[in-house]
Engineer: 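Before I ask anything, let me first share the structure, which is written out below as structure tokens.
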2 protein chains.
Amino acid sequence: MKHAKRKKLEAKGWKVGTAADFLGLSPEEEAFIEMKLSLSKSLREMRRRKHLSQIEFAKLIKSSQSRVAKMEAGEASVSIDLLIKSLLALGASQKDLAKVISTK
Amino acid sequence: MKHAKRKKLEAKGWKVGTAADFLGLSPEEEAFIEMKLSLSKSLREMRRRKHLSQIEFAKLIKSSQSRVAKMEAGEASVSIDLLIKSLLALGASQKDLAKVISTK
DNA sequence: TGAATATATGTCATATTCGACATATATTTA
DNA sequence: TAAATATATGTCGAATATGACATATATTCA
């Protein structure tokens with residue numbers, strides 16, 4: 001695994017350093033992680049574009065600052081469901097989400 | 001709420017008949033549910049196109065027949081994470097998923 | 001038709017994800 | 001720089017999603 005790639009996955013919880021790392025991730029695993037990281041990145045961008053702090057945004061979606069931080073960090077413990085609900089709450093359309101998901 | 005719409009949501013668990021029903025769902029809630037139902041529908045189509053029974057497919061993704069049935073029924077208890085992992089296992093690309101998600 | 005196969009539905013114990021909290025660290029601003 | 005504000009990280013009990021199982025119902029096909 002290349003260093004840059006490894007770095008990307010060091011977003012905690014992504015079994016880097018485990019067997020999966022040595023053997024490599026399957027294309028499906030890669031795609032899944034990539035989608036989550038894209039959603040994470042997009043979430044941070046949209047939140048910032050709206051000049052909301054993590055605390056303000058957390059209130060908006062009835063969550064907590066720490067969870068927002070984890071969402072944006074792309075932590076493995078965060079579900080795609082939560083990421084999508086969050087993006088929708090920021091005004092993203094299904095089309096927007098589709099773009100985020102399919103962007104390499 | 002129109003009858004046809006209600007019918008669609010009677011996929012169990014979608015708080016039809018609760019306050020949310022009377023008050024109507026927010027656009028974000030609607031979009032979220034719609035996305036899940038699209039993924040469900042797509043899952044069934046792809047599985048059938050591959051001539052896999054629910055049992056065969058369940059084995060493929062290390063799940064159970066009953067959960068596959070619930071995925072395809074669009075049950076509220078099924079996560080988007082699982083739907084996406086399942087579609088990826090069937091060979092869907094990120095582009096494919098994007099299409100599914102943005103399709104009204 | 002009736003047996004075989006496929007799918008639906010309900011329940012449960014376990015696993016995962018959740019919001020919340022404490023607190024560390026980084027960034028902004030006065 | 002120091003205080004204020006924002007973000008990161010670790011942990012926890014509660015909430016939710018999970019696979020598995022039993023069993024009902026539907027569909028296929030001989």
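Letters A, B, ... mirror the listed sequences (proteins, then strands); counts begin at 1. Just so you know, these numbers use all the heavy atoms, side chains as well, and skip hydrogens, waters and symmetry mates. None of these values were measured; they are calculated from a predicted model.
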Engineer: Can you name the closest pair of heavy atoms from Asp81(A) and Lys36(B) and give their distance?
Structural biologist: OD2-NZ, 4.4 Å
Engineer: Could you pull out the closest heavy-atom pair between Leu97(B) and Ala92(B), with the gap in Å?
Structural biologist: CD2-CB, 4.2 Å
Engineer: Name the closest nucleotide to the Leu82(A) side chain, picking from dA20(D), dG19(C), dA8(D).
Structural biologist: dG19(C)
Engineer: I need the NZ-C1' distance between Lys62(B) and dA15(C), as an integer number of Å.
Structural biologist: 17 Å
Engineer: Looking only at the side chain of Ser64(B) (C-beta and beyond, no hydrogens), which of the listed nucleotides dT9(C), dC18(C), dG19(D) gets closest?
Structural biologist: dG19(D)
Engineer: Find the distance Glu75(B):CD to dT16(D):P and express it as a whole number of Å.
Structural biologist: 15 Å
Engineer: Between dT9(D), dT18(D), dA8(C), which one does the side chain of Lys70(A) approach most closely?
Structural biologist: dT9(D)
Engineer: What is the minimum heavy-atom distance between Gly74(B) and Ser40(B), and which atoms define it?
Structural biologist: CA-OG, 3.3 Å
Engineer: Measuring only between side-chain heavy atoms, which start at C-beta, is Ile84(A) closer than 4.5 Å to Leu88(A)?
Structural biologist: yes
Engineer: For Lys85(B) and dA15(C), what is the distance between atoms NZ and P respectively, to the nearest whole Å?
Structural biologist: 16 Å
Engineer: Can you measure Asp81(A) atom CG to dT17(C) atom P for me and round it to whole angstrom units?
Structural biologist: 10 Å
Engineer: Reckon Ser79(B) has a side-chain N or O less than 4.0 Å from the OP1 or OP2 of dA17(D)?
Structural biologist: no
Engineer: Check Ile101(A), Val100(A), Leu83(A) against Met35(A) for a side-chain contact (heavy atoms from CB on, under 4.5 Å) and give me the one that passes.
Structural biologist: Ile101(A)
Engineer: What closest approach, in Å, do Ile61(A) and Ser86(A) show between heavy atoms, and which atom pair accounts for it?
Structural biologist: CD1-OG, 3.7 Å
Engineer: Within the structure provided, determine whether Phe32(A) and Ile80(A) are in side-chain contact (heavy-atom separation under 4.5 Å).
Structural biologist: yes
Engineer: Please give me the minimum heavy-atom distance between Lys99(B) and Thr103(B), naming the atom from each residue.
Structural biologist: O-OG1, 2.7 Å
Engineer: Given atom CD of Gln65(A) and atom P of dC18(C), what is their separation to the nearest angstrom?
Structural biologist: 16 Å
Engineer: Tell me which residues in residues 41-57 of chain B lie within less than 4.0 Å of DNA chain C, going by non-hydrogen atoms.
Structural biologist: Arg44(B), Arg47(B), Ser53(B), Gln54(B)
Engineer: If you look at every strand shown and take non-hydrogen atoms under 4.0 Å, does Val68(A) touch a base, only sugar-phosphate, or nothing?
Structural biologist: nothing
Engineer: Measure the angle between the two terminal helix axes of the helix from dT1(C)-dA30(D) to dA30(C)-dT1(D), five base pairs each, and quote it to 10°.
Structural biologist: 50°
Engineer: Sort out for me which residue in Arg67(B), Glu72(B), Lys59(B) forms a side chain to side chain donor-acceptor pair (under 3.5 Å) with Gln54(B).
Structural biologist: Glu72(B)
Engineer: DNA chain D: Ser66(A) or Ser63(B), which has the more 5' nearest nucleotide?
Structural biologist: Ser66(A)
Engineer: Tell me: CD1 of Ile80(B) to C1' of dC18(C), nearest whole Å?
Structural biologist: 16 Å
Engineer: Can you tell me the distance, in whole Å, between the CZ atom of Arg67(A) and the P atom of dG10(D)?
Structural biologist: 14 Å
